[in-house]
Amino acid sequence: MKISYVGATHLGICHAIAAAKKNNKVVLYDENVSTLNNIKNLKFSFYEPKLLKLFKSCKKNILITNDVKLLNKTDIIYIAKDTPTNSKNQSDFSEINRIIRKVRDNVKKNKIIVILSQVYPGFTEKIKWSKKKIFYQVETLIFGMAMKRALTPEQIILGGYKLRKYLNKENLLYKFLQQYKCPIHLMNYKSAELSKISINLYLISSISLTNTLSEICEKIGANWHQIKKILHKDQRIGKKAYLSPGLGVLSGNLQRDLQNSIKIQKKFNCKSGVLKSFDKNSHLRNSWAIEILDKIKNVNSRIGIFGLTYKENISFLVNSPAIRIINKFKKNKFLLFDPVVKKIDLNLKNFYFENDLKNFFKNSDILMILTPWQMIKERDNQIILSKHYNGKFIIDPYNTLNKKILKKIKIFSMGI
């Protein structure tokens with residue numbers, strides 16, 4: 001089949017590669033010629049495991065273009081541009097609306113359009129297009145696991161108009177989605193749009209409750225990491241539950257849907273304050289590392305930060321705890337190490353990068369492990385740390401370090 005993806009951002013690129021890998025002919029469209037040239041030269045603006053390898057293996061099936069008219073040569077058009085957010089994680093839909101208008105004005109009226117971008121309930125049905133030809137599909141990518149989830153989703157959630165009547169086996173979209181060999185759930189537009197938000201809010205509830213309980217453990221002398229093992233074995237909670245403490249709700253996608261949902265509650269005069277409490281809990285736990293650092297540092301401390309992203313296997317710096325800390329403690333010098341990120345755009349001169357792990361440990365007076373990359377979990381690297389680190393303290397929120405190897409150092413971890 002011939003499928004097009006509008007928007008050469010994380011969402012569009014990952015789904016375009018997944019479709020091409022299934023031997024479809026794919027058009028990846030974007031207005032930004034520089035972005036497209038970088039992709040052609042195998043340069044992506046973000047890191048995602050296996051993305052480059054998969055792109056190379058199927059790039060013969062992908063046409064990269066800024067010619068909007070070429071969308072007419074495809075069977076299905078996905079609007080797949082990431083929805084931008086502001087500094088408060090609130091969505092700005094003006095760019096998505098503009099892109100949709102441009103597509104609508106330049107493609108034939110018989111084309112199937114699918115909204116894959118992150119939107120609010122009621123968005124899709126407002127678009128001026130034949131209701132039989134426009135759909136909303138829930139995206140459930142996870143940064144760091146995006147290619148795996150794009151290729152093999154556990155389910156597909158589709159919103160539309162009278163889908164059980166119009167989405168039959170002869171429908172091109174139905175035929176395309178069958179390639180993914182997973183259950184397809186059909187519902188109306190608003191239910192599908194709210195499904196996406198609901199998934200994220202349930203993840204937020206797990207994160208918030210975990211952070212609340214881990215804080216209690218820190219106060220009373222209990223060990224959350226022992227409790228976590230028990231919860232993972234309870235079938236009602238399960239081994240895949242979000243039970244690792246962290247520095248608040250840091251995912252931009254989760255924060256976006258939390259802020260949008262708070263706005264929806266306010267608009268429709270909902271009484272529950274649960275979502276606001278999640279937001280408050282996130283801000284409180286986000287300050288955990290800052291409060292500890294403030295107690296143990298002095299003005300001459302050189303602070304080593306291992307990991308600049310909010311989670312491993314990504315390169316995005318949105319909601320980065322490291323950047324927040326660098327901005328807050330401007331009088332201190334920071335030494336930075338990250339396996340993927342090698343530069344950051346900050347109008348400050350209080351940091352520099354060290355690419356040698358041994359020198360990074362050796363030259364740090366206080367060490368902070370702010371991203372739980374696999375690299376820092378490896379025993380050999382922790383032995384290097386124990387031999388070359390001369391500081392007295394390590395701030396390790398995610399409990400990545402083996403305290404038996406580093407028994408002479410005071411380690412601060414969440415939930416303990």
Between N300 and D365, is the side-chain contact (heavy atoms from CB on, under 4.5 Å) condition met? List the steps.
CA-CA 9 Å; N300 296 316; D365 300 319; over 6 Å; no
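- If you take OH on Y78 and CG on L11, they are separated by 10.5 Å, rounding to the nearest 0.5 Å.
- For D67 and K69, the salt-bridge test fails: no basic side-chain N is under 4.0 Å from an acidic carboxylate O.
- Annotation: cation-pi pair K126/F123 absent, no NZ/CZ under 6.0 Å from the ring centroid and within 45° of its normal.
- Shown here are the side-chain contact (heavy atoms from CB on, under 4.5 Å) partners of K358, two or more places apart in sequence or in another chain: D356, I384, H388.
- Of all heavy-atom pairs between E139 and K196, the closest is O-NZ, 3.0 Å.
- Classification of the Y120-F93 ring pair by plane angle, with boundaries at 30° and 60°, yields perpendicular.
- With 3.5 Å as the limit, one finds a donor-acceptor pair spanning the side chains of T400 and D396.
- Screening residues 307-328 for ring pair (Phe, Tyr, Trp, His ring centres under 6.0 Å) gives H10-F316, F46-F316, F143-F316 as the qualifying pairs, with residues at least two apart or on separate chains.
- Residue pairs meeting the salt bridge (Lys or Arg N to Asp or Glu O under 4.0 Å) criterion with at least one member in residues 98-107, sequence neighbours excluded, are E31-R98, E31-K102, E95-R98.
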In residues 337-347, what donor-acceptor pairs under 3.5 Å come from side-chain atoms, sequence neighbours left out?
| residue | atom | partner | partner atom | Å |
| --- | --- | --- | --- | --- |
| D338 | OD1 | V340 | N | 2.8 |
| D338 | OD1 | V341 | N | 2.9 |
| D338 | OD2 | L308 | N | 2.8 |
| K342 | NZ | D338 | O | 2.7 |

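- Partners of E154 under the salt bridge (charged side-chain N to carboxylate O under 4.0 Å, His left out) rule, at least two apart in sequence or in another chain, are R149.
- The minimum heavy-atom distance linking L258 with F278 is given by the pair CD1-CB, 4.4 Å.
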Show, in sequence, the C-alpha distance, side-chain angles and deciding distance for R285 and E218, and conclude whether the salt bridge (Lys or Arg N to Asp or Glu O under 4.0 Å) test is met.
CA-CA 12 Å; R285 293 306 271 172; E218 294 159 22; 2.7 Å; yes
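- Shown here are the side-chain hydrogen bond (donor to acceptor under 3.5 Å, both in side chains) partners of S191, two or more places apart in sequence or in another chain: N188.
- For the residue pair F334 and F329, the shortest heavy atom distance occurs at CE1-O, 3.3 Å.
- The minimum heavy-atom distance linking W129 with V107 is given by the pair CH2-CG2, 3.8 Å.
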